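Written out below as structure tokens is the structure these notes cover.
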Amino acid sequence: MVLPDASGDVLSEMDVDAFRRLFPLRFFETHLVKSTRPDGRSLAEARETSSALGAVASADGSALVKIGSTRMLAAIKMEVMTPSKESPDEGCIAIDFHMPPICSPTVRPGRPAEAAPVVSKQLSDTISSCGMINLKELSLISRKAAWMAYLDIYCLDADGALFDAALLSAVAAFSHLQIPVVSMNDDGKVVVLSGDHGGKEPVNKGKRKLTLSSIPFSLTCLLHKNYILADPTAEEESVMETLVTVVLDSSGQLVSLYKPGGPVLAYTSAIQDCVALTRQRARELQTILDEVTSGMEVD
């Protein structure tokens with residue numbers, strides 16, 4: 001076996017898998033100079049993406065999303081709460097992102113994954129700031145009852161671009177959400193009704209969907225030297241560490257820009273290129289979302 005030097009290409013001198021393990025950055029750069037990646041994608045190409053609604057039968061809204069080998073399961077459970085005095089005519093949304101040990105060999109049992117609270121915070125900030133959900137739609141009786149929507153997202157397989165997949169699963173789950181029918185019981189409390197209503201007059205006249213506006217879509221890009229790689233895998237993220245995540249809403253307006261450090265500076269031209277790639281990706285994701293929701297009916 002011949003060790004690599006500054007001038008020699010050693011791919012012909014050693015096993016490719018061994019070269020990939022021993023010199024991962026050199027391995028990726030041999031592809032980048034040809035404007036391609038080890039999985040065959042171009043630098044600007046995202047992985048194959050799919051979404052399925054209703055993955056959790058016991059949830060009020062749910063979705064399973066796949067971006068390449070990254071898989072996210074999102075489920076929403078609705079509960080009646082007493083609204084706050086500051087917002088008497090609004091409900092609330094609580095978001096939790098989970099990374100169980102099964103999702104990645106880097107997540108160890110008994111130790112919370114470092115990425116989990118970061119993604120949770122990003123999701124909460126994005127969904128609240130983009131205006132996708134009007135919290136007044138979650139009100140039932142002013143000052144007395146409103147909906148609390150608990151959104152739990154479980155990472156089943158972590159292979160890069162976790163926030164992008166988590167956000168898409170959240171949007172898909174809210175698109176699938178059917179708000180239950182409720183009634184006032186004899187004690188004056190709002191309770192969720194069963195399918196036959198039990199002969200009681202419902203507060204809301206039937207299951208309904210939320211009106212979603214300014215839907216957020218995101219794309220994470222890797223910056224390495226003069227290269228920009230869209231939708232990176234976990235291996236690419238570990239080798240080339242500078243990430244930029246752009247979030248745009250459905251009208252193309254910038255919602256947020258997130259760059260958690262990294263050795264490469266994000267120059268204006270690079271950010272502009274990332275935004276342009278995100279605009280293209282947002283159109284793809286909107287088409288996927290439209291396809292899965294087009295045939296959905298409220299039970």
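Model, not experiment: these values are computed from the prediction.
With a 4.5 Å cut-off on side-chain heavy atoms, V246 and L219 do not count as touching. At a threshold of 4.5 Å between non-hydrogen side-chain atoms, the residues M72 and T70 count as touching. Contact of the Q286 side chain with the S250 side chain is registered, since non-hydrogen atoms from C-beta on lie closer than 4.5 Å. K209 is not listed as a side-chain neighbour of H176, based on a closest heavy-atom distance of 4.5 Å or more. Contact of the R108 side chain with the P101 side chain is not registered, since no non-hydrogen atoms from C-beta on lie closer than 4.5 Å.
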List, one per line, each side-chain donor-acceptor pair under 3.5 Å for residues 81-89, sequence neighbours excluded.
unit_1, atom_1, unit_2, atom_2, d
S84, OG, S87, N, 3.2
D89, OD1, S142, OG, 2.4

Give the table of side-chain donor-acceptor pairs shorter than 3.5 Å for residues 253-261, with sequence neighbours excluded, one pair per line with atom names and distance.
unit_1, atom_1, unit_2, atom_2, d
K259, NZ, G261, O, 2.9
K259, NZ, V264, O, 3.3

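Not counting sequence neighbours, E45 has no partner by the salt bridge (charged side-chain N to carboxylate O under 4.0 Å, His left out) test. Contacts of A75 classified as side chain to side chain contact (heavy atoms under 4.5 Å, CB included), with partners at least two apart in sequence or in another chain: V56, A59, S62. Remark: S120 pairs with no residue by the side chain to side chain donor-acceptor pair (under 3.5 Å) rule, at least two apart or across chains.
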Any chance you could lay out the salt bridge (Lys or Arg N to Asp or Glu O under 4.0 Å) test for D159 and R47, step after step, and finish with the verdict?
CA-CA 11 Å; D159 188 26; R47 292 169 290 177; 3.7 Å; yes
For a side-chain hydrogen bond (donor to acceptor under 3.5 Å, both in side chains) check, start with the C-alpha distance between H224 and E236, then their side-chain angles and the critical distance, and finish with the verdict.
CA-CA 10 Å; H224 179 67; E236 290 172 335; over 6 Å; no
Step by step, work out the salt bridge (Lys or Arg N to Asp or Glu O under 4.0 Å) result for D125 and K121.
CA-CA 6 Å; D125 291 346; K121 181 68 164 54; 2.7 Å; yes
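Across all their heavy atoms, A44 and A230 have their closest contact at O-CB, 3.6 Å. For the residue pair S128 and S124, the shortest heavy atom distance occurs at OG-O, 2.9 Å.
Pairs passing the salt bridge (charged side-chain N to carboxylate O under 4.0 Å, His left out) check and including a residue from residues 55-83, sequence neighbours excluded, read R71-D157.
Taking the six-membered ring for Trp, F19 and F23 have ring centres closer than 6.0 Å.
Residues L167 and L277 do not share a hydrophobic cluster, clusters being chains of Ile/Leu/Val/Met/Phe/Trp/Tyr side chains in contact below 4.5 Å.
Of the possible polar contacts, none joining the E241 side chain to the P263 backbone as a donor-acceptor pair under 3.5 Å is found.
When the shell of 6.0 Å around CD1 of I102 is examined, it contains 12 or fewer heavy atoms from other residues, nucleotides or ligands.
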